[in-house]
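Following: one structure in structure tokens, then a few remarks.
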Amino acid sequence: LLQQLELADASGQKLSAYSTGMLQRLSIARALMHKPKILFLDEPTIGLDAVSKLAVREFILRLNQTHKTTVILTTHDMQDIEALTRRIILIGRSTAGKTTLCQRINHEELQYHKTQTVQIVNQSMIDTPGEYLERRYFRGALMVTAADADTIVLVQDATEKGSMFPPAYSSMFAKPCVGVVTKSDLASEHEISNARQYLKAAGAGEIFVVSSVTGEGVEALVRHLDFL
């Protein structure tokens, strides 16, 4: 732990010689001695310099990704939230079901409304207007917006005839890409199969079939994304 938190070289020093950042990292090391499954952190970067903040954030990310430790923290530093929260971007044409999918994931009442601008939902989802995909001169905006996301989610309406996604579309983002077939409660098996093929051709890896109305497939999608 001391090595991972960059404290090994100072292990023989008295605590009175430790800086604020070193003491903060030492506190985290003590909390992890018994390998807890859940770690509660209260303002873990408060009072730290920029370098120490980066070290603490990187360690928390590694802890979560490598050991699957659930980290619950409180912070007033928005940079902590931005650095530690995994974020997805949903891309699809208008009425594909992006907004209602966000609402289902957040356990909100389903209320359709047209997404006019990029929306940040719960600090973890980026909902984009369908026009960004439908109009080629807007697609550059999707690339810029996707820079803030960890995973690309291509959303295909199962009842739609055809697809707006060009072949190998996901390759332009150079990030993990997941496909989501929506409106499974309204579509036939043949339509769902076609939607899968559209997403596969666009470069999506894992593909999930969901219904925001019934909740079908949403839990499996959230588990895979592992971002909440």
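Since this is a predicted model, take the numbers as computed values, not measurements.
For Arg87 (side chain) and Ser124 (main-chain N/O), no donor-acceptor pair under 3.5 Å exists by modelled atom type. Using a distance-only test at 3.5 Å, with no hydrogens or angles considered, no donor-acceptor pair links the side chain of Thr70 to the main chain of Ile38. A distance-only check finds a donor-acceptor pair linking the side chain of Thr182 to the backbone of Ala96 [under 3.5 Å]. Remark: the backbone N or O of Leu23 is paired with a side-chain donor or acceptor of Ser27 at under 3.5 angstrom. Although no hydrogens or angles enter the test, the distance criterion places a donor-acceptor pair under 3.5 Å between the side chain of Lys98 and the main chain of Gly92.
Annotation for Gly162 and Gln156: closest pair O-NE2, 3.2 Å, computed over non-hydrogen atoms. The two atoms that bring Ser211 and Ser184 nearest to each other are CB-OG, 3.4 Å, heavy atoms only. Taking all atoms of both residues into account, the shortest heavy-atom contact from Val181 to Ala195 is CG1-CB, 3.7 Å.
Note on residues 143-154: no pairs pass side-chain hydrogen bond (donor to acceptor under 3.5 Å, both in side chains), not counting sequence neighbours. Among residue pairs with one or both ends in residues 16-71, none qualify as ring pair (Phe, Tyr, Trp, His ring centres under 6.0 Å); sequence neighbours excluded. For residues 158-180, the pairs satisfying salt bridge (Lys or Arg N to Asp or Glu O under 4.0 Å) are Arg93-Glu160, Lys161-Glu191, with sequence neighbours left out. Sorted by first and then second residue, the ring pair (Phe, Tyr, Trp, His ring centres under 6.0 Å) pairs with a member in residues 116-150 read Tyr132-Phe138; sequence neighbours excluded. For residues 40-49, the pairs satisfying side-chain hydrogen bond (donor to acceptor under 3.5 Å, both in side chains) are Asp42-Thr74, Glu43-His76, Thr45-Asp80, Asp49-Ser52, with sequence neighbours left out. Applying the salt bridge (Lys or Arg N to Asp or Glu O under 4.0 Å) test to pairs two or more places apart or on separate chains, those with a residue in residues 207-223 are Glu219-Arg223.
Using a 4.5 Å cut-off on side-chain heavy atoms (C-beta onward), Ile152 and Leu154 make contact. Counting only heavy atoms from C-beta outward, the side chains of Thr128 and Gln119 never approach each other to under 4.5 Å. With contacts defined as side-chain heavy-atom distances shorter than 4.5 Å, the pair Ile88/Ile126 does not qualify. Between Leu32 and Leu63, some side-chain heavy-atom pair lies under the 4.5 Å cut-off. By the 4.5 Å heavy-atom criterion applied to side chains, His190 and Asn194 are counted as neighbours. Within the 4.5 Å cutoff, the side chain of Ile28 has heavy atoms near those of the Leu41 side chain.
Rounded to the nearest 0.5 angstrom, Leu199 CG and Ile207 CD1 are separated by 5.0 Å. From Ser170, atom OG reaches atom CD1 of Ile91 across 10.0 Å, with rounding to the nearest 0.5 Å. Rounding to the nearest 0.5 Å gives a distance of 9.5 Å between CD of Gln103 and CE of Met125. Interatomic distance, CD1 of Ile105 versus CG of Leu225, reported as 7.0 Å (0.5 Å rounding). The structure places OH of Tyr198 at 9.5 Å from OG of Ser193, a figure rounded to the nearest 0.5 Å. To the nearest 0.5 Å, atom CE of residue Met164 and atom OG of residue Ser94 are 9.5 Å apart.
For Lys114, the salt bridge (Lys or Arg N to Asp or Glu O under 4.0 Å) test picks out Glu131, with sequence neighbours left out. With sequence neighbours left out, the ring pair (Phe, Tyr, Trp, His ring centres under 6.0 Å) criterion links Tyr169 to Phe165, Phe173. Under the rule for a side chain to side chain donor-acceptor pair (under 3.5 Å), Thr95 has no partner lying at least two apart in sequence or in another chain. Among residues two or more places apart in sequence or in another chain, the side chain to side chain donor-acceptor pair (under 3.5 Å) test is passed with Arg136 by none.
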query = Can you check side-chain contact (heavy atoms from CB on, under 4.5 Å) on Leu101 and Val210, steps first, answer last?
reply = CA-CA 9 Å; Leu101 179 58; Val210 307; 4.2 Å; yes

* To do: Go through the steps for Cys102 and Leu90 under the test side-chain contact (heavy atoms from CB on, under 4.5 Å), then give the verdict.
  => CA-CA 9 Å; Cys102 291; Leu90 290 87; 4.1 Å; yes

Check against side-chain contact (heavy atoms from CB on, under 4.5 Å), Leu221 and Val178
CA-CA 9 Å; Leu221 172 64; Val178 171; 4.1 Å; yes

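No chain of hydrophobic side-chain contacts below 4.5 Å, direct or via other Ile, Leu, Val, Met, Phe, Trp or Tyr residues, connects Leu54 to Leu61. Side-chain heavy atoms closer than 4.5 Å link hydrophobic residues (I, L, V, M, F, W, Y) into clusters, and following such links, even through other members, never connects Val153 to Met172. Each of Leu186 and Val209 belongs to its own hydrophobic cluster when Ile, Leu, Val, Met, Phe, Trp and Tyr are linked at side-chain heavy-atom distances under 4.5 angstrom. In the hydrophobic clustering of ILVMFWY residues, with side-chain heavy atoms under 4.5 Å counting as a link, Tyr112 and Val180 come out apart. Under the 4.5 Å side-chain heavy-atom criterion for Ile, Leu, Val, Met, Phe, Trp and Tyr, Leu39 and Ile72 are members of distinct hydrophobic clusters.
The hydrophobic cluster around Ile46 extends to none of the other residues, as no ILVMFWY side-chain heavy atom falls under 4.5 Å of it. In the hydrophobic clustering (ILVMFWY side chains linked at under 4.5 Å, chained through shared members), Met33 stands by itself.
No hydrogens or angles considered: a donor-acceptor pair under 3.5 Å links the side chains of Asp127 and Thr115.
Between Arg57 and Asp77 a salt bridge is recorded (basic side-chain N to carboxylate O distance below 4.0 Å).
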